[in-house]
Amino acid sequence: MAEIDMIPRSYRDAVRVARGVRLFGGCLAGVLVLGALLIAGLHWRIAVEEPRLAQLRARTALSDAASKQLALAQVAKATLEQRLAALAALRGAGEIARVGVAIDQSLNRGVWFKQLRFSREEQLLPATPVAAPQTGYLVVLPMEEVGKPAETRTWQLSKNIEISGEAIDHAALTAFLNRLSGQPAIADVRFLNSSGRAAEGAQVIDFNVTAATRSQRGATP
């Protein structure tokens, strides 16, 4: 017996379309829920990372400030090193201080200075013959020096003091020179000249003196 389908075709098509719409709606709802979850996660991530980003920015600002301070400190260091080198070239303040103390201890009330000059210079001493070394019965000479005596030339570091001053009389000047000659830091005191003149109704003596320090030393190149 043949079966007869009494359900209209339009009904079947409507059911099929309704199922498709429900499936599509479910998928769309799932996508919307997933999007909402992603957006919520993104907001949470931003809320977590913003403080860290602020900290990184603060650290970067501190690092930039530290870099600028370091650059300034390096400039200051270079300036100090240059000044230190200049002081080292003058053999430091210690030697000048010793010379100043020696001169101060030599002064008396009858002597005063118009000018005090401390100078350093290197002087090449004249060449001097050097005896050839003796080795038993033979005299050994370098081949290039055979037939002429060996010579050495020495550099000497000279540190001099030049004093121009005035004294009320020769007794005060003599006392100053004697005390200056006896100072351990001073050597080779030389009285250059003196002259008398009238100043403000009194007689004064102008004088010039040179001396050297005892820290002189020579070096051979």
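Just so you know, these numbers come straight off a predicted model, no measurement behind them. Here, residue 1 is the first one in the sequence, and each next residue gets the next number. What you see below is based on every heavy atom in this structure, not just the backbone, and it leaves out hydrogens, waters and symmetry mates.
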May I ask you to test the [X]-[Y] pair for a side-chain heavy-atom distance under 4.5 Å?
| X | Y | value |
| --- | --- | --- |
| D206 | K114 | yes |
| I168 | I205 | no |
| I163 | F118 | no |
| I161 | T210 | no |
| T79 | K77 | no |
| Q183 | S106 | yes |
| N108 | V111 | yes |

>> Taking the basic N atoms (NZ, or NE/NH1/NH2) and the acidic carboxylate oxygens, is any pair closer than 4.0 Å for E166 and R197?
In response: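 Looking at R197 together with E166, the answer is yes, because their closest N to O distance falls below 4.0 Å.
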Spatial distance of atom [atom1] ([X]) from atom [atom2] ([Y]) [nearest 0.5 Å]:
| X | Y | atom1 | atom2 | value |
| --- | --- | --- | --- | --- |
| E49 | L42 | CD | CG | 11.0 Å |
| T174 | F191 | OG1 | CZ | 8.0 Å |
| E50 | Q55 | CD | CD | 12.5 Å |
| Q74 | E81 | CD | CD | 10.5 Å |
| H170 | S194 | NE2 | OG | 4.5 Å |
| S195 | F207 | OG | CZ | 11.0 Å |

Determine the minimum heavy-atom distance between [X] and [Y], stating which atoms define it.
| X | Y | answer |
| --- | --- | --- |
| A172 | D169 | N-OD1, 2.8 Å |
| V189 | I186 | CG2-CG2, 3.6 Å |
| R98 | A185 | O-CB, 4.3 Å |
| R179 | Q105 | NH2-O, 2.7 Å |

> Under 3.5 Å, is there a donor-acceptor pair between the side chain of T60 and the main chain of L56?
Replying inline: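 Yes; judged by distance alone, with no hydrogens or angles, the pair exists.
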> Taking the six-membered ring for Trp, are the ring centroids of F113 and F176 within less than 6.0 Å of each other?
Replying inline: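 Ring centres of F176 and F113 closer than 6.0 Å.
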>> As a quick check of understanding, evaluate side chain to side chain contact (heavy atoms under 4.5 Å, CB included) for V99 and T213, giving each step before the final call.
In response: CA-CA 8 Å; V99 171; T213 65; 3.7 Å; yes
> Do you reckon L116 sits in the same ILVMFWY cluster as V101, going by side-chain contacts under 4.5 Å, direct or chained?
Replying inline: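 Unlinked, L116 and V101 end up in two clusters.
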>> Hydrophobic clusters here meaning ILVMFWY residues chained together by side-chain heavy-atom distances under 4.5 Å, can you tell me if I103 and W112 are in one?
In response: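 Unlinked, I103 and W112 end up in two clusters.
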